[in-house]
Amino acid sequence: MEKYRVGIVGATGMVGQRFISLLKDHPWFQVVCVAASARSAGRTYREAVGDRWAFDWEIPADVAELTVVDAADVDAVAAQVDFVFCAVDMKKDKIRALEENYARHEVPVVSNNSACRGIEDVPMVIPELNADHIQVIETQRKRLGCQRGFIAVKPNCSIQSYVPALTPLMDFGPEKVSVCTYQAISGAGKTFKTWPEMVDNVIPYIGGEDEKSENEPLKIWGHVENGVIVNATLPVISAQCLRVACADGHMAAVSVSFRDKPSMEEIKQRWASFETEAQRLELPSAPKPFLQYFEDPTRPQTRLDRDFGGGFGISIGRLREDKLFDYRFVCLSHNTVRGAAGGGILTAELLCRKGYITRK
């Protein structure tokens, strides 16, 4: 199989580094272009990253010697690639302008950024949950004047543990959800080396995260109507998001009330039998199974369980009755794999399989 030629825009940051790591030996994708800020352009990727490489393993050899391109030089990137992953660190208006510029240059963009998530013709995808939303790309292409280019985004890392756990239960009518997330420092692009203030610490605020955690699930659970995504109106979600002294892995403590309360056995059965479009399409990164439930009340644990399914799977535990809601439980996802770069890669696999991304 001839591989798709892939560019990483924002390649020197932590999420860009995770993209590069996960794409090593990918069966469909080959990184051929790395782009970053003008100050990194012209240097090899190894030189541009320097001592900021965030992982214990080495930079993949085939990427280390690539010359970094200025991310603003869209023509230079577009000439080399079939599509790009975008993980730049810029203000939202500049990110949207950059991503739309790539799309108008007929480069499909799979974005880790939040700048375009609220746009009704931009699909925000968890492939196991709302693969059908990608059909709105046709509306978006008309708006942007594209034939081949478009923007697709992955949702915020904070929602990717509890939204997959709630989705198999949607026909029971969840009406109210209270969630508190405990988010690793890699979600801020940090390590304990670069953020020593987080050692032995918890910060009860992550800018914009509460709002994303309350609003983005409603787009995931929405439906396509007249070529755009119409958000769901329920459940009402109340979220608090905390930064905790953990390297990787976002945990969520969830309480939920239903219109039609299921039994605990029904909930566990739904989680155990949940089959998704990503698995049916045999996407290379799709975990099998997608969800796992622990009867052990001490699990899931971040260090033990964040790498379930190669970091693409979701772990759930501690399902029990709640005194204010119907039930409560905890969930865990790997924030830079499932929640960031890996989620983008899985979305790109879906878009390739469905024919929205093609080789030039």
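- The closest donor-acceptor contact from the side chain of Y293 to the backbone of L319 lies under 3.5 Å.
- A salt bridge links E138 with R141: at least one charged nitrogen is closer than 4.0 Å to a carboxylate oxygen.
- Panel note: side chain N130, backbone M124; a donor-acceptor pair is recorded below 3.5 Å.
- Using a 30° and 60° split on the angle between ring planes, H26 and W28 fall in the perpendicular class, above 60°.
- The heavy-atom pair separating T233 from L218 by the smallest distance is C-CD2, 4.4 Å.
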- Task: For side-chain contact (heavy atoms from CB on, under 4.5 Å), just list the numbers for L351 and V110, CA-CA rounded to whole Å, side-chain angles, deciding distance to a tenth of an Å, and then say yes or no.
- Result: CA-CA 9 Å; L351 292 162; V110 180; 4.0 Å; yes
- Message: Test side chain to side chain donor-acceptor pair (under 3.5 Å) on S333 and R338; report intermediate values, then the result.
- Response: CA-CA 7 Å; S333 61; R338 163 59 65 174; over 6 Å; no
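- Remark: D89 CG to M14 CE distance equals 12.0 Å, nearest 0.5 Å.
- Environment of CD in Q80: crowded, with over 12 heavy atoms of neighbouring residues, nucleotides or ligands closer than 6.0 Å.
- Checked by atom type and distance alone, the side chain of N231 never pairs as donor or acceptor with a backbone atom of G222 at under 3.5 Å.
- Comment: E197 does not engage K190 in a salt bridge, judged by the lack of any side-chain N to carboxylate O separation of less than 4.0 angstrom.
- Residue K24 places its NZ atom among 12 or fewer non-hydrogen atoms of other residues, nucleotides or ligands, all under 6.0 Å distant.
- More than 12 heavy atoms of other shown residues, nucleotides or ligands fall within 6.0 angstrom of atom NZ in K268.
- Not counting sequence neighbours, the partners of D296 by the side-chain hydrogen bond (donor to acceptor under 3.5 Å, both in side chains) test are T298.
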- Apply side chain to side chain donor-acceptor pair (under 3.5 Å) to the pair N335 and S186, showing each step before the final yes or no. CA-CA 8 Å; N335 58 295; S186 57; 2.9 Å; yes
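- Between the CG atom of D326 and the CZ atom of R328 there is a distance of 12.5 Å, given to the nearest 0.5 Å.
- A side-chain donor-acceptor contact under 3.5 Å links Y327 to the backbone of P262.
- More than 12 heavy atoms of other residues, nucleotides or ligands lie within 6.0 Å of NZ in K360, so this atom counts as buried by the packing criterion.
- The number of heavy-atom neighbours closer than 6.0 Å to NZ of K3, taken from other residues, nucleotides and ligands shown, is above 12.
- Between R280 and E277 a salt bridge is recorded (basic side-chain N to carboxylate O distance below 4.0 Å).
- Counted within 6.0 Å of CG on D93, heavy atoms from surrounding residues, nucleotides or ligands total more than 12; the atom is thus considered enclosed.
- By the rule that hydrophobic residues join a cluster once side-chain heavy atoms approach within less than 4.5 Å of another member, M251 and V177 end up as members of separate clusters.
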- Which is it for T167 and I126 under the side-chain contact (heavy atoms from CB on, under 4.5 Å) test, yes or no, and what are the steps along the way? CA-CA 11 Å; T167 299; I126 298 176; over 6 Å; no
- Item | Verdict with reasoning, R243 to E209, per salt bridge (charged side-chain N to carboxylate O under 4.0 Å, His left out) | CA-CA 10 Å; R243 187 74 70 193; E209 207 78 354; 5.8 Å; no
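- Without hydrogens or angle criteria, Y45 side chain to A11 main chain gives a donor-acceptor distance under 3.5 Å.
- Crowding of E106 atom CD: a count of heavy atoms from other residues, nucleotides or ligands under 6.0 Å exceeding 12.
- Considering all non-hydrogen atoms of both residues, A103 and C146 come closest at O-SG, 3.2 Å.
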- Query: Should R5 and D82 be marked as a salt bridge (charged side-chain N to carboxylate O under 4.0 Å, His left out) after you check the CA-CA gap, both sets of side-chain angles, and the distance that decides it?
  - Reply: CA-CA 5 Å; R5 300 173 302 151; D82 296 316; 3.3 Å; yes
- Item | Evaluation steps, side-chain contact (heavy atoms from CB on, under 4.5 Å), between T12 and R43 | CA-CA 12 Å; T12 57; R43 294 190 283 173; over 6 Å; no
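- The one candidate from V63, V15, V31 that meets the side chain to side chain contact (heavy atoms under 4.5 Å, CB included) condition with I8 is V31.
- Residues A87 and G16 come closest through the heavy atom pair CB-N, 4.2 Å.
- Looking only at side-chain heavy atoms (C-beta outward), L242 and C180 come within less than 4.5 Å of each other.
- By the 4.5 Å heavy-atom criterion applied to side chains, L346 and K154 are not counted as neighbours.
- The line from OG of S37 to CG of D70 is 7.5 Å long, rounded to the nearest 0.5 Å.
- To the nearest 0.5 angstrom, I345 atom CD1 is 6.0 Å from F19 atom CZ.
- No donor-acceptor distance shorter than 3.5 angstrom exists from the side chain of Q183 to the backbone of S158, with no hydrogens or angles considered.
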- Working for side-chain contact (heavy atoms from CB on, under 4.5 Å), residues R306 and V337: CA-CA 9 Å; R306 62 191 170 203; V337 181; over 6 Å; no
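- When each of Q269, R270, E275 is tested with S273 by the rule side-chain hydrogen bond (donor to acceptor under 3.5 Å, both in side chains), just one qualifies, namely Q269.
- For the pair H133 (side chain) and V224 (backbone), a donor-acceptor distance under 3.5 Å is absent.
- Without hydrogens or angle criteria, D305 side chain to Q301 main chain gives a donor-acceptor distance under 3.5 Å.
- The two residues D121 and V136 have their closest heavy-atom pair at O-CG2, 3.4 Å.
- The CD1 atom of I237 lies 8.5 Å from the OG atom of S213; values are rounded to the nearest 0.5 Å.
- Between W57 and F55, the ring planes are parallel. Angles under 30° get that label, and only those over 60° would be called perpendicular.
- Here the shortest heavy-atom pairing between C331 and A165 reads SG-CB, 3.8 Å.
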- Task: Determine, step by step, whether E65 and T44 satisfy the side chain to side chain donor-acceptor pair (under 3.5 Å) criterion, reporting the C-alpha distance in whole Å, the side-chain angles of both residues, the deciding distance to 0.1 Å, and the verdict.
- Result: CA-CA 5 Å; E65 301 309 317; T44 67; 4.5 Å; no
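- Between the side chain of K193 and the backbone N or O of A54, no donor-acceptor pair lies under 3.5 Å.
- Membership of the apolar cluster around I203 extends to I185, F192, W195, M198, V199, as traced through chained side-chain contacts below 4.5 Å between ILVMFWY residues.
- In terms of modelled atom types and a separation under 3.5 Å, the side chain of R18 and the main chain of A340 share no donor-acceptor contact.
- Going from atom OG of S285 over to atom CD of E349 covers 3.5 Å, rounded to the nearest 0.5 Å.
- Summarising the local packing, CZ of R299 is surrounded by more than 12 heavy atoms from other residues, nucleotides or ligands at distances under 6.0 Å.
- Classification of R104 and E100 as a salt-bridged pair holds, one side-chain N sitting under 4.0 Å from a carboxylate O.
- The shortest heavy-atom contact between P123 and I229 is CA-CD1, 3.9 Å.
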- Message: I'd like to know whether S111 forms a side chain to side chain donor-acceptor pair (under 3.5 Å) with E99, so could you lay out the CA-CA distance, the side-chain angles of the two residues, the decisive distance to 0.1 Å, and finally the verdict.
- Response: CA-CA 8 Å; S111 177; E99 292 181 346; 2.5 Å; yes
